[in-house]
> 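Take this structure first; my questions come after.
By convention in this document, chain letters (A, B, ...) are assigned in the order of the sequence lines, proteins followed by strands, and residues within each chain are numbered from 1.
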Amino acid sequence: MIVKLPDGRIVEHHGPATLKDVLVTTNKELLKTTVGAKLDGEVVDFHRVLPADANVELISLDSPEGAAIYRHSYSHIMAQAVRRLFPGVRLAIGPAIEDGFYYDFDVEKPFTPEDLEKIEAEMKKIVKENYKFERLEVSKDEARHFVKDEPYKLELLDEIPDERVSFYRDGDFIDLCRGPHILSTGQVKHFKLLSVAGAYWRGDETQKMLQRIYGTAFATKEALEQHLQMLEEAKKRDHRKLGKELEIFFFDEEVGPGLPLWFPKGAVIIEELEKLAKETEEKADYLRVRTPHICKESMYLRSGHLPYYQESMYPPMEMEGVKYYLKPMNCPHHHKIFAALPRSYRDLPLRLAEYGTCYRYEKSGELFGLMRVRSMQMNDAHLYCSLEQFESEFLAVCQMYLDYFKLFGIEKYLMRFSTHDPKDLGKKYVNEPELWKQTEEMVRRALKSGEINYVEVAGEAAFYGPKIDVQVWSAIGREFTLATNQVDFAQPRRFELVYKNAQGQDEIPICIHRAPLSTHERFIGFLIEHYAGAFPVWLAPVQAVVLPITDRQHDYAEKVLQRLKDAGIRAELDSSSHTLNYRIRHAQMQKVPYMLVVGEREAQNEQVAVRLRNERDLGAQPLTKIIDMIAKKIASRDPSL
RNA sequence: GCCGGCGUAGCUCAGCGGUAGAGCAACGGUUUCGUAAACCGUGGGUCGGAGGUUCGAUUCCUCUCGCCGGCUCCA
């Protein structure tokens, strides 16, 4: 047997053995820092008897695979503690997740924060008691007998195809589990329970709600502390906190949940984003349109929104016996614009764009600051094209995302190709099985030809077609779809959209829905966190603040302010009677990119002393030069100061 | 929508069965200052809302609204 150690050295062992046997005889030290091994890509633990010809690579505690193993072990330790403290509990599932673990429990009374403390204390005991994790393999029948009082485990067992299944035991606790696990409960000592929350069994809202406890664990005390501190830091860049502090947006109880109000500073950011979108779309030959916020019921019956999207729509208002709905999407209105004129193949691709205002009745518990709201303005456009044009149109849209992301410095994102799940046809998705297959294949081909990295997820498509979603994460780690690029084969048919092809025959166009800049709400929510409130100059609500040192420079400061404004720079003058230090601190906390200090010397020489938001001091500079510099940064949307 | 937690001044928070307090902010005055908090003073709250228990409720109970952590769902 060949064992590759984390430092690259190789250890040989003769005959079959468990990993533990090998390490005990060759390198006992490694028993402390190794949590398992990789055997032909499969992760195995200490307990597996490995064949004589095995070629394994050790997994150390500090590797990502190692972390997943000990975190999973911690979900067992937590379940063990819960079982000791709440004997009537029924166990559901307990996996490792990114940065931690959870376990779902069915308990009579939901856990309180005090319960969490008790559970944590009990877990510490279990860690100290240092039980070995033992693997037991049994037949399914034996397994059923083992878990006869655990309804959730029985359900899980029924779904395991294998004839034999494994259990893991540590001390007084045993759980159905594939493994692998750490050597013993004392091998990793640093953990913390973070929160309790309700969670439906199998994530299905028709099923029973269980109690989920989240926790985190790390190989070292330092790593745990660092992680906890990172969580604290993340809270500081939470857009809900910064949004109010920087006077960007707020919510008002009386206006309603999920209905943000934008302060003037927020409106500035919106205007800048719209300017960017208009410029970009104009270059790409998009045409702007405008549509009303409501429409009659009949249009949403035709579009398919009413059968497939109704639960996300505000209830209708009735006038003169006709029902009107607030629009949850802009597409039907745009389809009407396509249909309003006779279209020829020469008109295609036709790209209709609008920052459309939509309203969606999101369930109250789903609302989340600006990231999930009920009123939103979408960076929307619908591209109508022929089958032949599809690929290049689709890829051009993907390229547009990537260009935007580069501009904003967005590096951490995931392109997700969302396809339909055939079992939901007619329920979540329009019932066109063949068209679904064809369209999805078309998108797959386009993605491959464009060499775009993506993951494919079934069951996440829009009701009218597959889509590419760009996933990002909020400061506190919640995942959101930022941009979206969707293919629609259903609505063009339903709206009877046609164009005359070169042979003079009617053809149905394909429609691409796209929103690379997401909605103003979600995009700005995301940007606030992405920049931690320190927007690049072109987006900063206040780009420069003029700070006269004393009242004697007031006139000159006014002049500087005027010159800045004349150059199109959003500038303010802070001539309040606070000390200079105070005013600098204030500007700094408002994340104003440029602080222009003017004292006696600057006033005499037509200069300003420039302090940057990043605390760099450019010293005294000619006013003209600085104005020129800032104006250039704005015009080129330069991310640097 | 579901499970749990929380709502006290603009913000961060203290208090608690006898009708409210701090710091910062705001406002007034003094200060005129060279790169992250000058000094003094003043005002500000139907303690989220409604009902109940009580001689008396911000405090205890019920309902309701909103927010937060998740689940589900999504731009």
> If I pick the C1' atom on B:rG18 and the same atom on B:rU54, what distance separates them, to the nearest angstrom?
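These two C1' atoms come out 12 Å apart once rounded.
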
> Over 60° means perpendicular and under 30° means parallel, so classify the ring planes of A:Tyr309 and A:His305, tilted if in between.
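Rings of A:His305 and A:Tyr309: perpendicular, as their planes differ by over 60°.
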
> Where does the angle between the aromatic ring planes of A:Tyr464 and A:His513 fall among parallel (under 30°), tilted (30 to 60°) and perpendicular (over 60°)?
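A:Tyr464 vs A:His513 ring planes: parallel.
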
> Does NZ or CZ of A:Arg478 fall inside the cone over A:Phe368's six-membered ring, less than 6.0 Å from its centre and within 45° of the axis?
yes

> Tabulate below the donor-acceptor pairs under 3.5 Å that side-chain atoms of residues 255-265 of chain A make, not counting sequence neighbours, or state none.
none

> I'd like to check the side chain to side chain donor-acceptor pair (under 3.5 Å) partners of A:Thr550; sequence neighbours left out, ordered by chain and number.
A:Gln553

> Say you pick atom C1' in B:rA9 and the same atom in B:rA22; how far apart are they, in whole Å?
11 Å

> Within residues 239-256 of chain A, which residues have any heavy atom lying less than 4.0 Å from an atom of RNA chain B?
A:Arg240, A:Lys244, A:Glu253

> Using atom names, set out every protein N or O paired with an N or O of nucleotides 25-30 of chain B below 3.5 Å, distance rounded to 0.1 Å.
| unit_1 | atom_1 | unit_2 | atom_2 | d |
| --- | --- | --- | --- | --- |
| B:rA25 | OP1 | A:Tyr582 | OH | 3.0 |

> Give the stems involving RNA chain B, where a stem is 3 or more consecutive Watson-Crick or G-U wobble pairs (i with j, i+1 with j-1, and so on) under 3.5 Å.
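Ordered by first number, the stems with RNA chain B (at least 3 consecutive pairs each) read B:1-7 with B:65-71, B:10-13 with B:21-24, B:26-30 with B:38-42, B:48-52 with B:60-64.
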
> If I pick the C1' atom on B:rG23 and the same atom on B:rG56, what distance separates them, to the nearest angstrom?
32 Å

> Check this one for me: any side-chain N or O of A:Gln553 less than 4.0 Å away from OP1 or OP2 of B:rG34?
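Checking A:Gln553 against B:rG34: no side-chain N or O falls below 4.0 Å of OP1 or OP2.
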
> Hey, does the side chain of A:Arg478 come within less than 4.0 Å of B:rG70's phosphate (OP1/OP2), counting only N and O?
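Indeed, a polar side-chain atom of A:Arg478 lies that close.
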
> Taking only side-chain N and O atoms of A:Thr579, does any of them lie within less than 4.0 angstrom of OP1 or OP2 on B:rA38?
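Affirmative; the distance criterion is met.
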
> Is A:Ala199 touching bases, backbone alone, or none of the nucleic acid, heavy atoms closer than 4.0 Å?
sugar-phosphate

> Is there a side-chain polar atom (N or O) of A:Lys208 under 4.0 Å from OP1 or OP2 of B:rC71?
no

> What nucleotide, of B:rA38, B:rC73, B:rA75, holds the atom closest to the side chain of A:Met376?
B:rA75

> Please check the phosphate of B:rG34 (OP1 and OP2 only) for any side-chain N or O of A:Arg611 closer than 4.0 Å.
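Answer is no, no contact under 4.0 Å.
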
> Any luck finding a side-chain donor-acceptor pair between A:Glu354 and A:Thr291 under 3.5 Å?
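Looking only at side-chain atoms, A:Thr291 and A:Glu354 do form a donor-acceptor pair, the distance falling under 3.5 Å.
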
> If the cut-off is 4.0 Å, is A:Ser195 near the phosphate of B:rG70, judged by side-chain N/O to OP1 or OP2?
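No, A:Ser195 has no side-chain N/O under 4.0 Å of OP1/OP2 on B:rG70.
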
> Between B:rA37 and B:rA25, how many Å separate the two C1' atoms, rounded to a whole number?
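Per the computed distance, 12 Å lies between those C1' atoms.
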
> What are the atom names and distances for every N/O pair under 3.5 Å that joins the protein to nucleotides 49-51 of chain B?
none

> Are side-chain N/O atoms of A:Glu274 and A:His520 paired as donor and acceptor at under 3.5 Å?
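Looking only at side-chain atoms, A:His520 and A:Glu274 do form a donor-acceptor pair, the distance falling under 3.5 Å.
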
> Does A:Glu600 or A:Ser375 map to a spot on RNA chain B nearer the 5' end, using the closest nucleotide for each?
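The 5'-side residue here is A:Glu600.
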
> Please tell me whether A:Tyr355 and A:Arg288 have a donor and an acceptor in their side chains that are separated by less than 3.5 angstrom.
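The answer is no; no qualifying pair exists.
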
> For ring pair (Phe, Tyr, Trp, His ring centres under 6.0 Å), just list the numbers for A:Phe526 and A:Phe480, CA-CA rounded to whole Å, side-chain angles, deciding distance to a tenth of an Å, and then say yes or no.
CA-CA 9 Å; A:Phe526 173 78; A:Phe480 286 94; 9.3 Å; no

